[in-house]
Amino acid sequence: MSRTEFLKSKNILNKAIFIGGSAGSFKVVNKILTDLPANYPFPVVICMHRLRNIRSGFVSTLAINCQLKIKEAIDKEKISPSTVFIAPANYHLMINHGFHFSLSIEPPINHSRPSIDIMMETAAEVYREKAVGILLSGANTDGAKGMEKINENEGITIVQDPKKSDIPTMPESCLRLFEPTKVADVDSIIKFILELSHKN
Amino acid sequence: MNEMPEISIVETKNIIRAVKLKYDINLSIFSINILRFKIDSFILNNRIKYSDNLISKILEDKNFFRRFFNEMYKYDLELFRDTDKWKLLRSLCFPDLLKNFSSLKILIPGCSEINELFSMLIFLKEGGYIDKCELEISWYSGLYEGENDAALMKTNLTEIGIENFKRIFPGVELETYFDINQNPNTFDSSLLANHKNINHNYLFSDLDQKYHLILFRNKLINYTAHYQDQILVNLSKCLLKNGIIVFGHRENPFETINNLDIYTCMDEPDRIFKKQKYFE
């Protein structure tokens with residue numbers, strides 16, 4: 001079976017969007033989700049550094065202006081299109097072959113759990129050229145290696161312009177590793193991912 | 001470990017295959033990415049250069065394999081992980097259980113981290129439940145098997161664990177339970193007498209139906225869906241009618257729980273279920 005036939009059989013000719021961010025990224029994620037239409041076809045998986053013990057309020061706040069269905073991912077849940085999945089606090093979120101999530105309570109990576117690197121590296125392995133990685137503002141280097149993996153597997157990588165980021169550390173650490181598909185401000189990121197869905 | 005695993009899925013599968021052939025132990029019960037984490041951490045901690053070297057050592061040295069196998073079940077859990085859950089145990093589960101039962105038998109299956117034991121013992125003591133409860137712990141794959149209580153007393157309290165403790169028990173001094181001046185920190189040995197270690201492999205067997213509360217948090221996630229079902233069946237057999245089972249709040253036991261048709265859901269977001277019928 002060819003790769004295209006395999007992908008078709010698993011209903012994943014579509015791309016999937018993987019967004020990582022930390023300090024300064026909440027408002028960016030909020031803006032992205034506000035501008036995605038209700039029929040946006042791709043799954044959107046978001047991994048943001050969060051306070052461990054604060055469970056409620058995060059998803060509901062993002063849901064206010066989001067037209068897509070939005071929820072926290074649960075273990076072994078299928079990654080479905082037109083849905084926004086949020087990495088739950090204090091778990092690592094991984095993408096498994098079979099296009100479902102798995103969770104883990106392994107130790108923090110880069111002091112982070114959930115780790116953006118873990119989400120993106122596992123996404124790169126499963127979605128390969130269909131993965132779209134977006135790295136936003138943040139105060140540590142989590143996510144840089146994950147984005148590099150997406151890039152190595154011929155996926156699309158978008159880094160928030162460090163000059164336009166509240167905290168440029170995270171985007172800059174990515175730019176030190178490789179040249180992404182695009183470095184952009186928020187509006188350009190949104191325009192790009194909307195155009196992706198039109199091309200698809 | 002604070003790096004993303006380097007070991008690939010192919011290498012992980014090679015290790016699974018080698019272990020199965022040599023020891024007839026099936027590591028593919030684990031969710032593959034979790035197994036990768038564990039194996040990678042083991043490789044780093046034991047300064048092994050390549051996964052092939054790991055396979056050779058596993059095949060040649062049974063003691064080394066046993067160490068490797070035990071590591072596959074170990075976790076670094078902070079004290080009172082998920083404070084909301086502990087608050088629910090206090091406000092929802094224990095009041096409900098004590099309405100129906102005058103004393104409680106509690107099971108924590110597959111415990112692989114000493115902080116799980118400490119958390120429960122402190123919780124029972126602070127709640128005034130300690131004299132009403134018998135706590136049984138099964139340690140996975142013989143971890144702590146044969147160890148005396150002195151080995152169980154030591155932990156390294158993390159900032160997060162201390163924060164969790166204060167969140168649940170504001171006004172209670174941590175020093176009530178830990179000698180924080182020692183390194184590692186030492187737990188109150190008198191409280192350790194309030195638990196019993198048992199031999200139980202929840203994957204492949206059940207126990208007598210005698211437990212009122214089973215705490216099985218964030219362990220289902222380690223396994224593939226098929227083995228999750230098997231575990232849930234085994235644990236359901238151990239639980240008394242009107243007993244309660246508690247999972248991690250992002251775990252996904254719903255399909256099997258619904259199929260068993262013996263539970264009602266006490267709290268869906270927190271995955272707390274009450275057994276209403278006998279298991280047939």
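FYI, side chains are in, hydrogens and waters are out, and symmetry mates aren't considered; it's all heavy atoms of this structure.
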Could you check whether [Y] and [X] have their ring centres less than 6.0 Å apart?
X         : Y         : answer
Phe216(B) : Tyr202(B) : yes
Phe80(B)  : Phe118(B) : no
Phe94(B)  : Phe123(B) : yes

Query raised in the report: Taking Thr158(B) for the side chain and Gly161(B) for the main chain, is one N or O donor matched with an acceptor at less than 3.5 Å?
Result: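 Yes, the answer is positive, given that a donor and an acceptor are paired below the 3.5 Å cut-off.
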Requested in this report: Without swapping roles, check the side chain of Asp117(A) against the backbone of Lys145(A) for a donor-acceptor pair under 3.5 Å.
Outcome: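 Side chain of Asp117(A) to backbone of Lys145(A), a donor-acceptor pair under 3.5 Å: yes, one is there.
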Query raised in the report: How would you list, by chain and number, every residue that makes a salt bridge (Lys or Arg N to Asp or Glu O under 4.0 Å) with Asp161(A), sequence neighbours excluded?
Result: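 If we apply the salt bridge (Lys or Arg N to Asp or Glu O under 4.0 Å) test to Asp161(A), skipping adjacent residues, there are no hits.
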Does the distance from a Lys or Arg side-chain N to an Asp or Glu carboxylate O, for [X] and [Y], drop under 4.0 Å?
X         : Y         : answer
Arg50(A)  : Glu72(A)  : yes
Lys31(A)  : Asp35(A)  : yes
Glu154(A) : Lys130(A) : no
Glu78(B)  : Arg113(A) : yes
Lys38(B)  : Glu106(A) : yes

Query - Largest heavy-atom contact set with chain A, pairs under 4.5 Å, which of Ile160(B), Ile32(B), Thr224(B) - result: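 Going by pairs under 4.5 Å, I would pick Ile160(B).
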Donor-acceptor pairs under 3.5 Å, side chain of residues 59-69 of chain A to any protein atom, not counting sequence neighbours: which ones?
unit_1: Ser60(A); atom_1: OG; unit_2: Gly57(A); atom_2: O; d: 3.2
unit_1: Thr61(A); atom_1: OG1; unit_2: Gly57(A); atom_2: O; d: 2.4

Which portion of [X] sits near chain A, non-hydrogen atoms under 4.5 angstrom:
X         : answer
Arg217(B) : neither
Ser8(B)   : neither
Thr83(B)  : both

**Report entry** Interface residues of residues 246-255 of chain B facing chain A - non-hydrogen atoms under 4.5 Å apart
**Finding:**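 The list, in residue order, reads Gly248(B), His249(B), Arg250(B), Glu251(B), Asn252(B).
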Report task. Identify which part of His100(A) has an atom lying under 4.5 Å from any heavy atom of chain B, answering side chain, backbone, both or neither. Result ->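 Nothing of His100(A), per the 4.5 Å heavy-atom cut-off to chain B.
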Report task. Identify which part of Ser104(A) has an atom lying under 4.5 Å from any heavy atom of chain B, answering side chain, backbone, both or neither. Result ->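 When you check distances to chain B, atoms from both the backbone and side chain of Ser104(A) fall under 4.5 Å.
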Query raised in the report: Which residues from residues 82-91 of chain A are near chain B, with near meaning under 4.5 Å between non-hydrogen atoms?
Result: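 If one takes a 4.5 Å heavy-atom cut-off, the residues of residues 82-91 of chain A near chain B are Pro88(A), Asn90(A), Tyr91(A).
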